[in-house]
Amino acid sequence: QVQLAESGGGLVQAGGSLRLSCAASGRHFSMYAMGWFRQAPGKEREFVASISSGGGSTRYADSVKGRFTISRDNAKSTAYLKMNSLKPEDAAVYYCAVRRAALPDTSSGLYDYWGQGTQVTVSS
């Protein structure tokens, strides 16, 4: 069993930055891939970024490529999402998720554990 807790969301002006954190409890964190997803009101949950268990492989949605950076610190059982140049369309509840495999995926259905989410609001 893995429990996840996101933090770092909040209100930011367009063009600003935030760093989200996802702290994991439980065993074997370093063996699992991580992903970040987001869901805006009235929209489906969408993939944002993912990282392999060792951190050597990352992938991004086209909408955030070049602005967001995913990383992880396995010693701290924590994953991060650094978000720069935020736009109003980035506003959503952001969720981190764990996939019990070394390689991540863009499909939310392949992730096994989810955090409760953290709200990101971007004012124009």
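- Atoms CG and CG, from Leu11 and Leu18 in turn, are 9.0 Å apart once rounded to the nearest 0.5 Å.
- Sequence neighbours left out, not one pair with a member in residues 22-33 passes side-chain hydrogen bond (donor to acceptor under 3.5 Å, both in side chains).
- For Asp112, the salt bridge (charged side-chain N to carboxylate O under 4.0 Å, His left out) criterion is met by Arg100, not counting sequence neighbours.
- At least one donor-acceptor pair under 3.5 Å links the side chain of Glu6 to the backbone N or O of Cys96.
- If you take OG on Ser21 and CG on Leu4, they are separated by 12.5 Å, rounding to the nearest 0.5 Å.
- Side-chain N or O atoms of Asp90 include none that pairs as donor or acceptor with a backbone N or O of Ala14 at under 3.5 Å.
- Grouped by direct or indirect side-chain proximity (heavy atoms under 4.5 Å, Ile/Leu/Val/Met/Phe/Trp/Tyr only), Tyr80 sits alone.
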**Report entry** Chi angles and distances behind the side chain to side chain contact (heavy atoms under 4.5 Å, CB included) call for Phe29, Arg72
**Finding:** CA-CA 10 Å; Phe29 174 82; Arg72 64 190 296 162; 3.3 Å; yes
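- Heavy atoms only, all atoms of each residue included: Ser52 and Leu103 are closest at CB-CD2, 4.4 Å.
- Taking both residues in full, the closest heavy atoms of Ser17 and Asn84 are given as OG-OD1, 2.9 Å, listed atom of the first, atom of the second, then distance.
- Summarising the local packing, CZ of Arg59 is surrounded by 12 or fewer heavy atoms from other residues, nucleotides or ligands at distances under 6.0 Å.
- Met34 is listed as a side-chain neighbour of Val98, based on a closest heavy-atom distance under 4.5 Å.
- Residue-environment remark: CD (Gln116) exceeds the threshold of 12 foreign heavy atoms within 6.0 Å.
- In this structure the side chain of Phe68 reaches within 4.5 angstrom of the side chain of Leu86, judged on heavy atoms.
- Remark: the backbone N or O of Ala33 is not paired with any side-chain donor or acceptor of Arg99 at under 3.5 angstrom.
- Within the 4.5 Å cutoff, side-chain heavy atoms of Val64 are placed close to those of Arg38.
- At a threshold of 4.5 Å between non-hydrogen side-chain atoms, the residues Ser108 and Gln39 do not count as touching.
- Closest approach of Ala92 and Ala40 over heavy atoms only: CB-N, 3.8 Å.
- Taking the salt bridge (charged side-chain N to carboxylate O under 4.0 Å, His left out) definition, one finds that Glu89 meets it with nothing, sequence neighbours left out.
- Minimum heavy-atom separation, Ile70 to Tyr60: N-OH, 2.9 Å.
- Shown here for Leu81 and Ala49, the closest heavy-atom pair between the two residues is CD1-CB, 4.1 Å.
- Rounding to the nearest 0.5 angstrom, the gap separating the CG atom in Leu20 from the NZ atom in Lys82 is 11.0 Å.
- Placement of Leu110 and Met31 in two distinct hydrophobic clusters is found when ILVMFWY residues are connected by side-chain heavy-atom separations under 4.5 Å, directly or transitively.
- Clustering of Ile, Leu, Val, Met, Phe, Trp and Tyr side chains at separations under 4.5 Å places Trp114 together with Phe37, Phe47, Val93, Tyr95, Tyr111.
- Lys65 meets the salt bridge (charged side-chain N to carboxylate O under 4.0 Å, His left out) test with Asp62; sequence neighbours excluded.
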